[in-house]
Amino acid sequence: MTSLIVLLVLVAAAAGLLRWRRPAWFWLTFGVTFAALRVLVRYGSVMDACGLTVPAARWRIGLARMTNRPVPGPRAPRILRVRPTRTGLVLRLKLRPGQDAFDVAASCDRLRHSFAVYGVTSRELRSGVVEVRMTGYDVLKRVQMPAVTDTRPMRVPVALREDGSVHFRDYRTVPHALTLGATESGKSVYQRNLVAALASQRVALVGIDCKQGVELFPLARRFSALADNPDSAAELLDALVSHMEDVYQLIRAEQRITADVPDAEIAADIWDLREDLRPIPIVVLVDEVAELALFATKDEEKRRDRIITALARLAQLGRAAGIYLEICGQRFGSELGKGITMLRAQLTGRTAHRVNDESSANMAFGDIAPDAVLAAIQIPTDTPGVAVTGDSTGGWARIRAPHTSLRQAVNICNRHADLTPDVPALAPFRPALGAPAPALVPAVETAPAAA
């Protein structure tokens, strides 16, 4: 008996230690079992308390009266499947007639308290079927990406969502994106994760970093073109526009519009071309867009209009030519001048890290997902990297990218430097990779000579 008590105490202490220090391990060893039991035992009463039940069918009530049996009570959505994951539980529910997926979504917070889990989200899979995802712990506190992810060409994992799923950046689905965030909000780390994920793919990276290149130039071995000031950025964008026009000429020449060619084989963008003819897709990363839009003199104003016009043309026409934009900044409002709102309207993907005011959050989500504005301004300052992401569908979610140091990103880019493609139109802007310059100050402070 004493041995059993000691064993139970040790197990309880181990469970408490795991829950404090390693919540993921605690969930996989203890939490998933307890949570599944809570869901299965409390399911009927919780659904009834949350208003997610409907009266029994009339034929059931009539049959019960005819056979002199108890009248059946309200019916909850039927559980089709319960699937444990590394971060929580996934329930697939079959809704009863008269129920709606919005009813489940509106009850997510009550379900979270009732089932004693960290978070609950829901989404409609198809008509009458809803998936409810429960997270057992705060997965954004210490981000751990899965070892294996569903990576495809032009689709890379960059962050973890609050429901435990992986957030992918899919350029084929969302070609252009805008990333906002205040200083020290984690915007640069998000950009590093994006570059590191794209480094192993067959893609040309083009960077515009007007902070004298301090963010992107350390990753230069994996970049096909880089610009570190507005003047070179204007020339680089003009070269991209010319390259886009050349790609369209290639597509026109290979469209194969004849009567005997199936509709699915008619080329309308680079992904419809044969692989041996397909141009290299290009991802353009702009580190601080405000530096391209601000001006102080007439000459700088002309350069600014040239830059914004080129960016707008690439955003409107670049997708079919395989040119994708990733624009980052602290603010992206109409105060940056004409053409900015037109450019923003073309940026389908929106990601907002911590912002300093509500108007900055409105710049990201005000026109696509107003509910996400409040979530963006509530991100605390002590959680850098936490962001809210959304798109034109109106859906949004909290995400957090794993912390990637600049050294880690540099190592990944250097490891895949041989994959850097040579794009003839961008050859003048290829970064020069010479030997590192000698240090101007001694690495170790020397003691003064004795008198």
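The chain is numbered in sequence order, starting from 1.
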Checklist entry - Between CG of Leu198 and CE of Met154, what distance do you get to the nearest 0.5 Å? => result 6.5 Å
Checklist entry - Looking at Tyr118 versus Tyr137, is the centre-to-centre ring distance below 6.0 Å? => result no
Checklist entry - Thr135 side chain to Gly119 main-chain N or O, any donor-acceptor pair under 3.5 Å? => result yes
Checklist outcome for this item: In short, Met145 meets Pro157 closest at the heavy-atom pair CE-CB, 4.0 Å
Checklist entry - Which is it for Asp150 and Arg155 under the salt bridge (charged side-chain N to carboxylate O under 4.0 Å, His left out) test, yes or no, and what are the steps along the way? => result CA-CA 9 Å; Asp150 185 16; Arg155 182 177 185 265; 3.5 Å; yes
Checklist entry - Are the side chains of Pro281 and Trp271 in touch, meaning some heavy atoms are under 4.5 Å apart? => result yes
Item to check | Pair Ile208-Leu292, side-chain contact (heavy atoms from CB on, under 4.5 Å): steps then yes or no | outcome: CA-CA 9 Å; Ile208 298 176; Leu292 301 177; 4.1 Å; yes
Checklist entry - What is the minimum heavy-atom distance between Gln191 and Cys328, and which atoms define it? => result NE2-SG, 3.6 Å
Next on the checklist: Quick one about Asn193 and Thr404 (side-chain donor to acceptor, distance below 3.5 Å, no hydrogens or angles considered), yes or no?
Outcome noted: yes
Item to check | Cys210 side chain reached by Asn229 side chain, heavy atoms, under 4.5 Å | outcome: no
Next on the checklist: Quick one about His167 and Arg161 (side-chain donor to acceptor, distance below 3.5 Å, no hydrogens or angles considered), yes or no?
Outcome noted: yes
Item to check | Contact summary for Ala376 and Ala361, nearest pair of heavy atoms | outcome: CB-CB, 4.0 Å
Next on the checklist: When you compare the side chain of Val195 with that of Leu205, does any pair of heavy atoms fall below 4.5 Å?
Outcome noted: yes
Item to check | Chi angles and distances behind the side-chain contact (heavy atoms from CB on, under 4.5 Å) call for Val120, Phe115 | outcome: CA-CA 10 Å; Val120 176; Phe115 292 133; 5.7 Å; no
Item to check | Working for side chain to side chain donor-acceptor pair (under 3.5 Å), residues Thr121 and Arg133 | outcome: CA-CA 5 Å; Thr121 59; Arg133 300 185 68 95; 5.4 Å; no
Checklist outcome for this item: Residues Leu52 and Val104: closest non-hydrogen pair is CD2-N, 4.1 Å
Checklist entry - Does a sphere of radius 6.0 Å around CZ in Arg319 hold more than 12 heavy atoms from other residues, nucleotides or ligands, not counting ones at 6.0 Å or beyond? => result no
Next on the checklist: Under 4.0 Å between a side-chain nitrogen and a carboxylate oxygen: does that hold for Glu326 and Arg169?
Outcome noted: yes
Next on the checklist: Between Thr383 and Val386 (side chain of the first, backbone of the second, donor and acceptor by atom type, cut-off under 3.5 Å), is there such a pair?
Outcome noted: no
Checklist entry - Would you say Val156 and Phe168 make side-chain contact, with heavy atoms under 4.5 Å? => result no
Item to check | Minimum-distance pair of heavy atoms, taken over all atoms of Gly207 and Leu216 | outcome: CA-CD1, 3.8 Å
Next on the checklist: Donor-acceptor check, side chain of Arg42 to backbone of Ser114, threshold 3.5 angstrom: yes or no?
Outcome noted: yes
Checklist outcome for this item: Distance col, row Glu162:CD vs Thr87:OG1, nearest 0.5 angstrom, shows 11.5 Å
Item to check | Donor-acceptor contact below 3.5 Å, side chain Arg350 vs main chain Ala364 | outcome: yes
Next on the checklist: So for atom CZ, which belongs to Arg331, do other residues, nucleotides or ligands contribute more than 12 heavy atoms lying within a distance under 6.0 Å?
Outcome noted: yes
Item to check | Audit row: Gln144, Arg86, side-chain contact (heavy atoms from CB on, under 4.5 Å) steps and yes/no | outcome: CA-CA 10 Å; Gln144 294 179 340; Arg86 57 186 291 271; 3.8 Å; yes
Item to check | Distance in Å, Leu180 CG paired with Phe365 CZ, rounded so as to fall on 0.5 Å steps | outcome: 8.0 Å
Checklist entry - Is there side-chain contact between Leu111 and Val46, with heavy atoms separated by less than 4.5 Å? => result yes
Item to check | Minimum-distance pair of heavy atoms, taken over all atoms of Ala182 and Val355 | outcome: CB-CA, 4.4 Å
Checklist entry - Are any side-chain N or O atoms of Lys94 and backbone N or O atoms of Arg78, one a donor and one an acceptor, separated by less than 3.5 Å? => result no
Checklist entry - Side chains of Asp48 and Ser45: donor-acceptor distance under 3.5 Å anywhere? => result no
Next on the checklist: If only side-chain N and O atoms count, and only distance matters, is there a donor-acceptor pair under 3.5 Å linking Arg415 with Asn411?
Outcome noted: no
Checklist entry - Is a side-chain donor or acceptor of Arg400 paired with a backbone partner of Leu140 at a separation under 3.5 angstrom? => result yes
Checklist entry - In Å, rounded to the nearest 0.5 Å, how long is the span from CG of Leu40 to CD1 of Ile79? => result 6.0 Å
Next on the checklist: Checking Asp382 against Arg354 for the salt bridge (charged side-chain N to carboxylate O under 4.0 Å, His left out) test, could you report, in this order, the C-alpha distance in whole Å, the side-chain angles of both residues, the deciding distance, and whether it holds?
Outcome noted: CA-CA 10 Å; Asp382 59 347; Arg354 177 181 53 81; over 6 Å; no
Item to check | Worked check of side-chain contact (heavy atoms from CB on, under 4.5 Å) between Thr381 and Glu184 | outcome: CA-CA 9 Å; Thr381 57; Glu184 294 296 325; over 6 Å; no
Checklist entry - Taking 4.0 angstrom as the limit, do Asp418 and Arg221 come out as a salt bridge? => result no
Checklist outcome for this item: Rounded to the nearest 0.5 Å, the CD1 atom of Ile327 sits from the CG atom of Leu285 at a distance of 10.0 Å
Checklist entry - Does the cation-pi check pass for Arg38 over Phe34, that is, NZ or CZ under 6.0 Å from the six-membered ring centre and within 45° of its axis? => result no
Checklist outcome for this item: When Leu343, Val284, Thr348, Leu347 are each screened for side chain to side chain contact (heavy atoms under 4.5 Å, CB included) with His176, the one that passes is Leu347
Checklist entry - Does Arg304 use its side chain to pair, donor to acceptor, with the backbone of Phe295 at less than 3.5 Å? => result no
Next on the checklist: Could you check whether any side-chain N or O of Gln408 sits under 3.5 Å from a backbone N or O of Ser405, counting only pairs where one atom can act as donor and the other as acceptor?
Outcome noted: yes
Checklist entry - Among side-chain atoms of Arg110 and Ser107, is any donor-acceptor pair under 3.5 angstrom? => result yes
Checklist outcome for this item: CG of Asp103 to SG of Cys108, rounded to nearest 0.5 Å, is 11.0 Å
Checklist entry - Under 3.5 Å, side chain of Asp209 to main-chain N/O of Glu215, donor-acceptor pair present? => result yes
Checklist entry - Do any N or O atoms from the side chain of Glu254 and from the backbone of Ile251 form a donor-acceptor pair under 3.5 angstrom? => result no
